[in-house]
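First the structure, which I've put down as structure tokens, then a few questions once you've had a look.
Computed from a prediction, not measured in an experiment: that's the story for all the values here.
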Amino acid sequence: MYKRGKGIATLIALLLLCCIIAARLLNLYSDEALALQNDVKTGMQLVKAKEAPKPAPVVYGIPTDTLVIVEDEVKRGENISEILAKYNISPTQVYMLAKKAKEVYSVRRIAARSNYTILHALDSAQTARYFIYEPNPVEYVIYDLRGETEVTHVKRDIEVIERTLAGEIKNSLFEDMVAAGGSAQLVNKFADIYAWRLNLSHLQHGDKFKLIYDEKVVNGTTIGYGELKSAVFEHNGQEVYAIGYDQGNGMGYYDQKGQSLKRAFLKEPLEYSRISSRFSKRRFHPVQKRYKPHLGTDFAAPRGTPIRTVGDGKVLEARYTRGNGYYVKIQHNKTYTTQYLHMSKFARGVKAGARVKQGQTIGYVGSTGLATGPHLCYRFWKNGRQVDALSVKLPTADPIKKKNLESFTALKEETMRRMEAIDMKDVKQPLLAADKAKEPTDA
């Protein structure tokens with residue numbers, strides 16, 4: 001009897017254990033099913049979210065949910081009438097637009113290779129509602145073609161960011177400064193500052209440079225450069241500083257002793273170019289095929305390269321001769337005169353009697369006259385006698401004045417401290433947003 005009762009108890013215990021296990025399994029399966037159901041629901045929501053249409057972009061402050069965006073570039077010889085004719089805008093409407101735009105931004109100023117945007121309706125004629133023209137990265141003009149035509153001229157905000165740049169000479173100043181994050185514009189500015197102090201064509205491998213300069217940015221894109229505030233160049237172990245300081249006549253550059261790096265003239269009439277033939281009393285002329293004096297310096301450059309006057313002065317001659325081709329001759333003062341030969345053409349406004357400023361474009365490289373290819377022949381007179389422009393001794397600009405010594409010394413010490421802090425391994429480092437130049441909106 002005892003054994004029978006024990007067997008029944010064991011059976012009951014086993015049945016209870018099975019029930020407990022079954023209950024737990026059912027609970028587990030329910031949780032997994034619920035989780036799976038939730039995952040499916042979430043997945044469907046994600047699919048629906050992905051399938052939801054994106055809102056139409058807003059361009060130039062204009063919602064485009066009922067418009068089509070067309071972006072293009074003005075082609076050579078194309079005008080606004082031809083552009084808008086493709087979008088159902090009649091010559092009469094263009095005439096009224098031109099009349100209204102005259103005081104804001106004349107349609108005659110629309111130039112080839114500039115960007116424009118058309119916003120047209122969804123109708124079969126693709127009727128233009130807006131024509132937006134961008135003459136440059138800073139400005140744009142909205143021509144509203146709906147009903148009463150409206151014209152709005154907008155200037156974007158320019159952010160000025162102070163940056164530093166550092167590098168080492170391995171190939172050439174141009175290649176290495178561009179590789180370090182600079183630009184041709186920055187190299188040319190640097191070369192002009194140091195032209196009379198260093199021979200930039202004979203730099204040494206391992207020479208080092210550091211710069212502090214302003215960069216202009218619009219909507220996150222660099223559009224140009226502002227002031228080169230200061231620089232230092234280490235040549236053969238010697239540091240030569242160029243500290244930017246304004247004594248009341250614009251930015252000048254001075255070394256550690258307050259001596260100006262500038263001379264009365266720019267050293268070269270072309271920006272950072274290559275000398276192809278130097279001043280010589282006896283040179284074989286490539287066209288005339290005979291030896292004769294070459295009393296000038298030839299600079300090789302592509303046709304159309306801007307030629308700049310090396311100093312302020314008055315244009316004595318701007319004309320054509322068989323030998324010189326198109327040329328300009330400038331008198332700077334009673335002592336110095338310069339001449340620029342073989343131009344392709346003169347710059348606008350350059351004629352006999354015109355006043356010019358140092359660095360101003362006076363013409364463009366060509367091969368007119370007795371020339372075998374595009375180049376500039378640059379000639380220099382001192383007291384009526386032709387001399388070698390690259391070796392003539394010229395007066396330097398004024399050093400730091402006594403009244404400015406204290407403030408210059410403070411700036412020099414700060415500049416030298418900042419230059420020492422620039423790591424040669426770092427390239428194009430942002431220091432700070434110098435300030436934001438807020439351009440007003442013209443309407």
Side-chain angles (χ1 to χ4, degrees), residues 160-216 222-246 250-256 259-275 299 301 305-308 310-311 358-361 390 394 396-397 411-412 415-416 418-424 426-431 434:
V160 179
I161 299 176
E162 189 178 78
R163 293 192 182 277
T164 68
L165 182 147
E168 184 175 313
I169 299 299
K170 296 176 182 176
N171 299 296
S172 70
L173 177 66
F174 186 91
E175 290 178 76
D176 295 319
M177 194 171 285
V178 170
S183 69
Q185 181 185 347
L186 205 57
V187 176
N188 290 332
K189 180 68 174 175
F190 183 91
D192 277 343
I193 292 169
Y194 281 96
W196 289 107
R197 188 63 68 91
L198 298 169
N199 187 342
L200 297 175
S201 300
H202 294 85
L203 301 178
Q204 300 296 318
H205 186 88
D207 286 350
K208 300 178 178 66
F209 56 83
K210 295 179 181 180
L211 293 80
I212 299 175
Y213 63 97
D214 283 341
E215 187 174 80
K216 296 179 181 179
T222 299
I223 63 164
Y225 297 87
E227 289 283 7
L228 174 52
K229 293 184 171 181
S230 57
V232 60
F233 194 88
E234 184 184 317
H235 178 59
N236 288 334
Q238 296 291 319
E239 288 185 336
V240 180
Y241 272 83
I243 301 162
Y245 186 85
D246 187 352
M251 183 74 84
Y253 294 90
Y254 305 87
D255 64 15
Q256 300 96 306
Q259 296 297 315
S260 177
L261 273 70
K262 183 182 176 183
R263 297 288 178 95
F265 300 101
L266 297 175
K267 192 166 186 178
E268 298 177 353
L270 299 178
E271 291 185 335
Y272 202 67
S273 54
R274 179 177 64 84
I275 296 172
F299 294 89
T305 300
I307 300 167
R308 55 189 183 167
V310 295
Q358 186 182 70
Q360 180 180 330
T361 298
L390 301 183
L394 296 170
T396 59
L411 175 63
K412 178 187 73 174
T415 299
M416 294 179 77
R418 293 176 71 187
M419 286 296 186
E420 287 171 6
I422 297 173
D423 190 343
M424 289 298 298
D426 291 338
V427 173
K428 204 175 183 182
Q429 312 163 36
L431 285 186

Check for a donor-acceptor pair, side chain of Lys189 on one end and backbone N or O of Leu228 on the other, with a separation under 3.5 Å.
-> no
Taking side chain as C-beta onward, heavy atoms only, is Leu203 less than 4.5 Å from Phe233?
-> yes
Heavy-atom side-chain proximity of His235 to Val240 below 4.5 angstrom | no
Side chains of Lys229 and Tyr213 in contact at under 4.5 Å (non-hydrogen atoms) = no
Is Gln358 reaching over with its side chain to a backbone N or O of Val310, donor-acceptor style, under 3.5 angstrom?
-> yes
Other residues, nucleotides, ligands: >12 heavy atoms within 6.0 Å of Gln238 CD | no
Is the shortest heavy-atom distance from the side chain of Leu270 to the side chain of Ile307 under 4.5 Å?
-> yes
Under the ring-ring contact (aromatic ring centres under 6.0 Å, His included) test, residues paired with Phe209 that sit two or more places apart = none
Under the side chain to side chain donor-acceptor pair (under 3.5 Å) test, which residues partner Asp176, sequence neighbours left out?
-> none
Can you measure from CZ (Phe265) to CH2 (Trp196) and round to the nearest 0.5 angstrom?
-> 9.0 Å
Side chain to side chain contact (heavy atoms under 4.5 Å, CB included) involving Ser260 - partner list, sequence neighbours excluded | Tyr254, Lys262, Ala397
Counting only heavy atoms not in Lys267, do more than 12 sit closer than 6.0 Å to its NZ atom?
-> yes
Who pairs with Gln259 by side chain to side chain donor-acceptor pair (under 3.5 Å), at least two apart in sequence or on another chain?
-> none
Is there a donor-acceptor pair under 3.5 Å between the side chain of Glu271 and the backbone N or O of Pro306?
-> no
In Å, rounded to the nearest 0.5 Å, how long is the span from CG of Leu186 to CZ of Arg163?
-> 12.0 Å
Heavy-atom check, side chain of Ile212 versus side chain of Met419, under 4.5 Å | yes
Within-4.5 Å side-chain heavy-atom neighbours: Arg418 and Thr164 | no
Glu168: what forms a side chain to side chain contact (heavy atoms under 4.5 Å, CB included) with it, not counting sequence neighbours?
-> Lys208
Under 4.5 Å between any side-chain heavy atoms of Arg308 and Gln360, yes or no?
-> no
Quick one: list whatever passes ring-ring contact (aromatic ring centres under 6.0 Å, His included) with Tyr245, sequence neighbours left out.
-> Phe408
For the student: nearest non-hydrogen atoms of Ala166 and Asp423, plus distance = CB-O, 4.2 Å
What distance separates Leu211 CG from Phe190 CZ, expressed to the nearest 0.5 Å?
-> 5.5 Å
